[in-house]
Amino acid sequence: MNVSRAAVPNLCAPNEEAHRSMEKLWKPPPGLIGWLCDTNHKHIAMRYIVTAFIFFGLAGILAFLMRIQLARPELHFLGPDLYNQFFTVHGSTMMFLFAVPMMEGMALYLVPIMVGTRNVAFPRMNAFGYYTYLGGGLLLWIGLFLNAGADAGWFAYVPLSGPNYSPGHRVDIWADMITLTEISALVGAVEIIATVFKQRAPGMSLNRIPLFVWAEVVTSFMIIFAMPAVMIATAYLAMDRLAHVNTHFFNPAEGGDALLYQHLFWFFGHPEVYIIFIPATGFVSTIVETFSGRRIFGYTALVLSLIATAFIGFGLWVHHMFATPIPNLGRSFFTSASMMIAIPSGIQIFCWLATLTTGRPRLRLPLLFVFGFILIFVLGGLTGIMLASVPIDLQVHDTFFVVAHFHYVLIGGAVFPLFGAFYYWFPKWTGRMLDNSLGYWNFWTFFIGFNLTFFPMHILGLHGMPRRVYTYVAETGWGNLNLLATIGATIIGISMSLFIVNVLVSRKRGVVADANPWGAPTLEWATGSPPPAYNFYFVPVVTSREPVWDEPEKKPVVIGLSYTIREVLNTTIIDAVPEHRYELAIDSIFPLLLAIVSSLTMTFVIFTPWALPIGMFFAMLVLFAWFWRGNEPQPLAEAGVARPPPNANLPAAA
Amino acid sequence: MITADTQTIDVSTLPPHVEDHRSPIWWANVLLLCIETTMFGLIVATYFYLRMNFTQWPPVRSAVGLYATNPDLGFATANMIVLFISVVPMALVDFACRRHNERPIQIGMTVMVLLGLVTVALRFYEFSGVKFRWDENAYAAIVWTTLGMHLLHLITGTAENFIMTLWSWLKPLDAKHVRDIRVGAVYWYWIVGIWIPLYVIIYFGPRIL
């Protein structure tokens, strides 16, 4: 029984009976149908996390197979065709099916608890987002197993990906996978922003929002303004390719333009890097604060850095296109913007270091992963500054130097913090700790394996080894460094296996975690581990930035929310003053049905444009049913609404 | 566990729902419109980017002796006017929602559905006024895509209005659906508003550029 095991007992159910009736209210009915109708944010988020991790593993296996192919010169383990499919599906999976959904899954689990509410603002839409993502992922991977794996690179440049050079349906599958996963990403982003804007606990004004939540809000805004670009780019591409539609967006013979595709793609693609990286900075800020045992240094500077990164992140996309004929003015602009983004990143790193050096750091596993992150990410940042300069970029364009750079940035910048986050929040999810010594093995094999794999790629790139070519001749002399990289990849594989074993074993047999095992300050530790379905029996009132460090036994609470309908408290956007109560939608099967209709539509539109109107028709039917089968209607409010609660000024005492 | 001396905020006196911009769904709609506006912004960017590849915009077509390839203004302008007019009943419904006035909502929403059907029908005539098929060149591709993408919104908005209208006639007025209608109104205003620059670009762009 987890109720007594919370750091802030004030927020828990007063007795077992109260706990049970609330669990019943906030849980779906038992059985398969109930499972499919489930809209609890923790369950949906855990599906995101597990699914994204499975895709991470699958894409990792593809990477390992590619490393075997490259281990020695002129191997024929994979042919060129299979190699093309593997690197494309590897990259696309890591970006679209692992990184973004994983970060959103983490947010959808943690953000509602961190801001002190009971579920996300739109629980049904949340479930729809997950199933759509799953549909996109299945489309890409079933394609690969049917020998129709996308094979034009993860950014599918035209004209290679156009109708003339990529006949068949491989690229179509890729384009429609993008559409489905981006719908899901957008849905998640709207969900997160609306939840944070409107459902924060009373007193959690903007300057008291946990940094992880800030990071996810900024990321969600980036998703909203970046993802439409890739949807438009892939929609044009799909229309150019689709029989009976055959537009000419990218066909130069009819006035189309191949560079247009690159602009649209990278207008999404560069912000995408920050969409992956900014949530990771949220993990880092959280972990650094907890293990330093002091308030984070430079909270405002950190928040402003996140926002600055988001803005500058939209002004960098052309640096992916330095090897194309763009005006010199453009090159200079995008070079300086690319260098400018180092400023907010630098501010963040210095704030973290200042927090660590002025606190009393305890070196636990999550913090170790953060150290790994700082080291690797700084190295990736250094090659980033090199690549921002046009002359160097032209030299190493499309070589393994670029491959080394972005793996340092993405694995260093996102995957290391993510693993830190896994170790950090595993006790929250399961009530048990991950095994410590296996964890150390996991970290050191990952760290060593990673550097062994990717550091040699810098040198290979400088020696001119091109990326995306399935083999090389012995005379190039690249064999030994490649062998080293393959050995490194093997070590990473071992490391990941250790992690999976650790999770599977610790889940059932790990050490039972304390209520607040790391001594963390944020609200997710105020409730039980794992949290009850309703998160908080009494919604907390927040009086400081570190609500759990701050006199937990005297925590003021909200009373008067319903215990018979799924009701949450809505507060004002800036000051989080209680504003109104809000009934959340009940569980429903229609999100799943809508996702099935969308996925089938995007599958059949590969073959015929008629799939679109037919799919739209069925989607509308499902939406009508979704709308019609909602909650019990609420009576109209009386005129002259909104009496503020008598003691609404309580949280002002900070 | 809370005790007698635990400080509390009692929210039971707060309204159980709101029907305006304080509602989460209102914000979700605004965020959706941010997404959609970005998409149309990129479509406009595409339009001007592709313009750079042409000496004549729209391209001339000598084969069939058709030199005047500017898109027809007639149906397009008629549709723009219908869209402008549609804002009036929508706003009236919006005001009626504020006063919880059932009959004007029912009638206004029915008018909205009819006007929506008119704009959808007019849009199909607009397609016939584009002097190219979508698969003839890049100009045709972007013009058809712009018209088509906006058509999707007209259909969606009208379908949404239709289901709301059905609800308003069949069920008693309740707070949730009053709010939904008002959020739907914001969506409709946006559909009309976004078409103003798009209409100018699609129909007057070729005449000016």
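Reminder, nothing fancy here: chain letters follow the sequence lines and each chain counts from 1.
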Please enumerate all residues that pass side chain to side chain donor-acceptor pair (under 3.5 Å) together with B:Arg51, with sequence neighbours excluded. none
Shortest non-hydrogen contact between A:Gly560 and B:Asp10, atoms and distance: CA-OD1, 3.6 Å
Specify the closest pair of heavy atoms between A:Ala229 and B:Leu42, including all atoms of both residues, with the distance to one decimal. CA-CD1, 3.3 Å
What is the distance from atom CG of B:Leu14 to atom CD of A:Glu579, rounded to the nearest 0.5 Å? 9.0 Å
Quick check for you: to the nearest 0.5 Å, what is the distance between A:Phe249 atom CZ and B:Ile142 atom CD1? 4.5 Å
Does atom CZ (A:Arg629) have a neighbourhood of more than 12 heavy atoms from anything else shown, all under 6.0 Å? no
Which atom names give the shortest non-hydrogen contact between A:Ala194 and B:Leu31, and what distance separates them? N-CD1, 4.4 Å
Distance check, rounded to the nearest 0.5 Å: B:Trp134 atom CH2 versus A:His248 atom NE2? 11.5 Å
Assert top hit (heavy-atom pairs under 4.5 Å, partner chain B, pool A:Gln199, A:Met125, A:Arg581) equals A:Arg581
Using heavy-atom distances under 4.5 Å, tell me whether A:Leu260 contacts chain B through its side chain, its backbone, both, or neither. both
Which answer fits A:Phe250, side chain, backbone, both or neither, if we ask what part of it has an atom under 4.5 Å from a heavy atom of chain B? neither
Under a 4.5 Å heavy-atom cut-off, does chain A meet the side chain of B:Thr37, its backbone, both or neither? neither
Go through the steps to decide whether A:Phe225 and B:Ile35 satisfy the test side chain to side chain contact (heavy atoms under 4.5 Å, CB included), and finish with yes or no. CA-CA 6 Å; A:Phe225 292 108; B:Ile35 296 168; over 6 Å; no
Correct closest heavy-atom pair for A:Gly256 and B:Leu50 would be CA-CD2, 4.0 Å
With the side chain counted from C-beta on, respond yes when A:His580 and B:Arg22 share a heavy-atom pair under 4.5 Å apart, and no when they do not. yes
Among B:Thr156, B:Leu32, B:Thr145, B:Val30, the residue with the most heavy-atom pairs under 4.5 Å to chain A is B:Thr145
Quick one: does B:Val11's side chain get under 4.5 Å of A:Ile559's, heavy atoms only? no
Any side-chain heavy atom of A:Met227 sitting closer than 4.5 Å to one from B:Thr38? no
Closest approach of B:Pro24 and A:Phe122, non-hydrogen atoms and distance? O-CZ, 3.4 Å
Between A:His263 and B:Tyr49, ring centroids under 6.0 Å: yes
Which of A:Asn570, A:Val539, A:Asn251 touches chain B most, by non-hydrogen pairs under 4.5 Å: A:Asn570
Parallel, tilted or perpendicular: ring planes of B:His177 versus A:Phe627, cut at 30 and 60 degrees: perpendicular
Return the set of residues passing salt bridge (charged side-chain N to carboxylate O under 4.0 Å, His left out) with B:Glu36 (not counting sequence neighbours), or none when no residue passes. none
Turns out that what part of A:Ile224 lies under 4.5 Å from chain B's heavy atoms comes down to both
Measure the SG-CG distance between B:Cys34 and A:Leu186 for me, rounded to the nearest 0.5 Å. 11.5 Å
Mind checking what makes salt bridge (charged side-chain N to carboxylate O under 4.0 Å, His left out) contact with B:Asp180, not counting sequence neighbours? none
So do A:Phe624 and B:Leu166 actually touch side chain to side chain, heavy atoms under 4.5 Å? no
Can you find a pair of side-chain heavy atoms, one from A:Val245 and one from B:Trp144, that are under 4.5 Å apart? no
Give the minimum heavy-atom separation between B:Ile9 and A:Pro202, together with the two atoms involved. CD1-CB, 4.3 Å
Once you round to the nearest 0.5 Å, how far does CD1 of A:Ile573 lie from NE2 of B:His21? 8.0 Å
Considering only heavy atoms from C-beta outward, does the side chain of A:Glu583 approach that of B:Lys176 to under 4.5 Å? no
Against chain A, label B:Arg179 side chain, backbone, both or neither, depending on which of its atoms sit under 4.5 Å from a heavy atom there. side chain
Are any non-hydrogen side-chain atoms of A:Val557 and B:Thr6 less than 4.5 angstrom apart? yes
Classify the side-chain pair B:Thr46/A:Tyr236 by whether it contains a donor and acceptor separated by less than 3.5 Å. yes
Which of residues 52-59 of chain B get closer than 4.5 angstrom to chain A, counting heavy atoms alone? B:Asn53, B:Phe54
Is the closest side-chain heavy-atom distance between A:Lys198 and B:Trp26 below 4.5 Å? no
Interatomic distance, A:Met239 atom CE to B:Asp135 atom CG [nearest 0.5 angstrom]: 12.5 Å
Within 6.0 Å of OH in B:Tyr189, more than 12 heavy atoms from elsewhere: yes
Taking side chain as everything from C-beta outward and backbone as N, CA, C, O, which of these in A:Leu569 sits under 4.5 Å from a heavy atom of chain B? Side chain, backbone, both or neither. side chain
Does a sphere of radius 6.0 Å around CG in B:Leu170 hold more than 12 heavy atoms from other residues, nucleotides or ligands, not counting ones at 6.0 Å or beyond? yes
A:Tyr563, OH: over 12 other non-hydrogen atoms inside 6.0 angstrom: yes
